[in-house]
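For reference, the structure is listed below as structure tokens.
A note on names: the letters A, B, ... follow the listed sequences, proteins ahead of strands, and every chain is numbered from 1. Reckoned from all heavy atoms, side chains included, excluding hydrogens, waters and symmetry mates. Keep in mind that what you see is a predicted model, and the values were worked out from it rather than measured.
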2 protein chains.
Amino acid sequence: MSKTEHNPAYGEHDRDFSVMFAALGDPTRLAIFDRLADGKPRSISVLSDDADMTRQAVTKHLRVLETAGLVQSHKVGRESQYAFCPEQLAEARAYLDQVAGRWESALMRLKTFVEGDQD
Amino acid sequence: MSKTEHNPAYGEHDRDFSVMFAALGDPTRLAIFDRLADGKPRSISVLSDDADMTRQAVTKHLRVLETAGLVQSHKVGRESQYAFCPEQLAEARAYLDQVAGRWESALMRLKTFVEGDQD
DNA sequence: ACATTATGCAACCTCCTTGTTGCATTTAAT
DNA sequence: ATTAAATGCAACAAGGAGGTTGCATAATGT
């Protein structure tokens, strides 16, 4: 699996979804992402308040989420507000739907084959 | 965010989806998962053949996927076959749909509020 | 002006992840 | 019976992830 040339991980669509999944693959980050899904942007301080870790740790998590394109930040005054970003989520959903679809049709083919076998 | 008591990451549904996302959050594992979506079970050797890493590494990845419930294994003869497992995928999709839904309705509420403001 | 709040940066630590290698074991093939 | 194939287990190493602390800086509040 040479990540340089044709990596089956990228399948038909040439994207690395593993980056996004990795971003969601940490409970703290998933909690932040989940929380921001109400659309309200929040500052780092606010997001750190009820976290049982330092503000710096939360900052790092937010950067990971932002790199993955799951949230966006913009500075307003002295604070940086982080907001939900739906595009990547949509792509993740589309990808999982596609995988599920492939599996479904594989099932169908098998079913048809077996039924045809009985006739 | 004490993982022991009420962690916002688990939201309304008390599951830790971050485990599943973490499993998909590695390019090699995502590639394997993607590949198995055609429904055909494959042995470790087969899955290792076109991977640019050792069989042991692939074995570890498969165990991670299995722990996350994304694949299932069963021994047949001397080899262990790994097969796609759709349930967890369905749950992941449902979760992401729910998050997207929350964001959508937040958008709607905002839109209604703004429109009502103009009247 | 001065204190406070919100953040950024950098160094550091620890542990888990990812990958390796070597050897043992079980099963199949000849 | 021997050989080859498929796997499991354990020890190991390197690097990255997740977290901390200390200090510097920019923007607000009084």
Side-chain angles (χ1 to χ4, degrees), chain A residues 1-4 7-9 16 18-36 40-68 70-83, chain B residues 1-4 7-9 16-33 35-36 40-68 70-83:
Chain A
M1 294 187 186
S2 52
K3 285 160 198 162
T4 48
N7 186 334
D16 189 0
S18 70
V19 173
M20 188 184 344
F21 289 133
L24 296 177
D26 175 276
T28 302
R29 283 195 298 264
L30 186 56
I32 293 174
F33 181 68
D34 195 276
R35 186 176 176 190
L36 289 175
K40 299 176 187 150
R42 289 173 178 83
S43 70
I44 298 178
S45 305
V46 169
L47 289 170
S48 304
D49 277 342
D50 53 344
D52 60 356
M53 68 187 66
T54 59
R55 170 184 55 86
Q56 287 303 324
V58 173
T59 300
K60 287 191 186 179
H61 282 304
L62 285 170
R63 298 226 171 115
V64 172
L65 285 171
E66 186 167 29
T67 299
L70 290 164
V71 303
Q72 265 182 335
S73 73
H74 70 283
K75 297 213 64 166
V76 40
R78 68 180 151 181
E79 55 191 31
S80 44
Q81 305 267 84
Y82 281 80
Chain B
M1 296 190 185
S2 52
K3 285 160 201 165
T4 48
N7 185 334
D16 190 358
F17 289 103
S18 70
V19 172
M20 189 184 344
F21 289 133
L24 296 177
D26 175 276
T28 303
R29 283 195 296 265
L30 186 56
I32 293 173
F33 180 68
R35 187 176 175 190
L36 289 175
K40 298 176 190 149
R42 289 173 179 83
S43 71
I44 298 178
S45 305
V46 170
L47 289 170
S48 304
D49 277 341
D50 51 344
D52 58 357
M53 67 188 67
T54 60
R55 170 184 55 86
Q56 286 304 322
V58 174
T59 300
K60 288 191 185 180
H61 282 303
L62 286 170
R63 298 225 171 114
V64 173
L65 285 171
E66 186 167 30
T67 299
L70 291 164
V71 303
Q72 266 182 335
S73 74
H74 70 282
K75 299 214 64 168
V76 40
R78 67 180 152 181
E79 57 191 30
S80 46
Q81 304 267 65
Y82 281 80

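Atom P of nucleotide D:dA27 and atom CD1 of A:Ile44 are separated by 15 Å, given to the nearest angstrom. Residue A:Leu30 contributes atom CG, which lies 13 Å from atom P of D:dG18 at whole-angstrom precision. C:dT7 atom P lies 10 Å from atom CG of A:Asp49, rounded to whole Å. Here C:dA6 presents its P atom at 15 Å from CG of A:Leu62, a figure rounded to the nearest Å. For the pair A:Leu47 CG and C:dG8 P, the interatomic distance rounds to 12 Å; values are reported in whole Å. Between the CG atom of A:Leu24 and the P atom of D:dG18 there is a distance of 12 Å, rounded to whole Å.
Between C:dG19 and B:Arg55, no contact under 4.0 Å exists linking OP1 or OP2 to a side-chain N or O. Taking only side-chain nitrogens and oxygens, A:Arg63 never comes nearer than 4.0 Å to OP1 or OP2 of C:dT7. Between B:Thr54 and C:dG19 there is no side-chain N or O to OP1 or OP2 distance below 4.0 Å. B:His61 has no side-chain polar atom (N or O) that falls below the 4.0 Å cut-off from OP1 or OP2 of C:dT17.
Nearest-nucleotide positions on DNA chain C for A:Lys75 and B:Gly77 put A:Lys75 closer to the 5' end. Each of A:Tyr82 and A:Lys60 lies near DNA chain C, and the nucleotide nearest A:Tyr82 is the one positioned closer to the 5' end. Comparing A:Ala22 and B:Glu79 by the nucleotide of DNA chain D whose heavy atom lies nearest to each, the residue mapping closer to the 5' end is B:Glu79. Of the two residues contacting DNA chain D, namely A:Val76 and B:Ser80, the nearest-nucleotide position lying further toward the 5' end is that of B:Ser80.
Side-chain atoms of B:Arg78 come within donor-acceptor range of the base of D:dA5, with a qualifying N/O pair under 3.5 Å. Between the side chain of A:Gln56 and the base of C:dG8, at least one donor-acceptor pair of N or O atoms lies under 3.5 Å.
Crowding of A:Glu66 atom CD: a count of heavy atoms from other residues, nucleotides or ligands under 6.0 Å exceeding 12.
Two residues are said to be in side-chain contact when any heavy atoms from C-beta on lie closer than 4.5 Å; B:Val58 and B:Met53 meet this criterion. Between B:Arg35 and B:Asp50, the closest side-chain pair of non-hydrogen atoms falls below 4.5 Å.
If you take CD1 on A:Ile44 and CG on A:Leu47, they are separated by 8.0 Å, rounding to the nearest 0.5 Å.
For A:Met53, taking side-chain heavy atoms from C-beta onward, the closest of the listed nucleotides C:dT7, C:dT20, D:dG19 is D:dG19.
Contact check on B:Asp26 versus B:Lys60 returns no salt bridge, with no Lys/Arg side-chain nitrogen under 4.0 Å from an Asp/Glu carboxylate oxygen.
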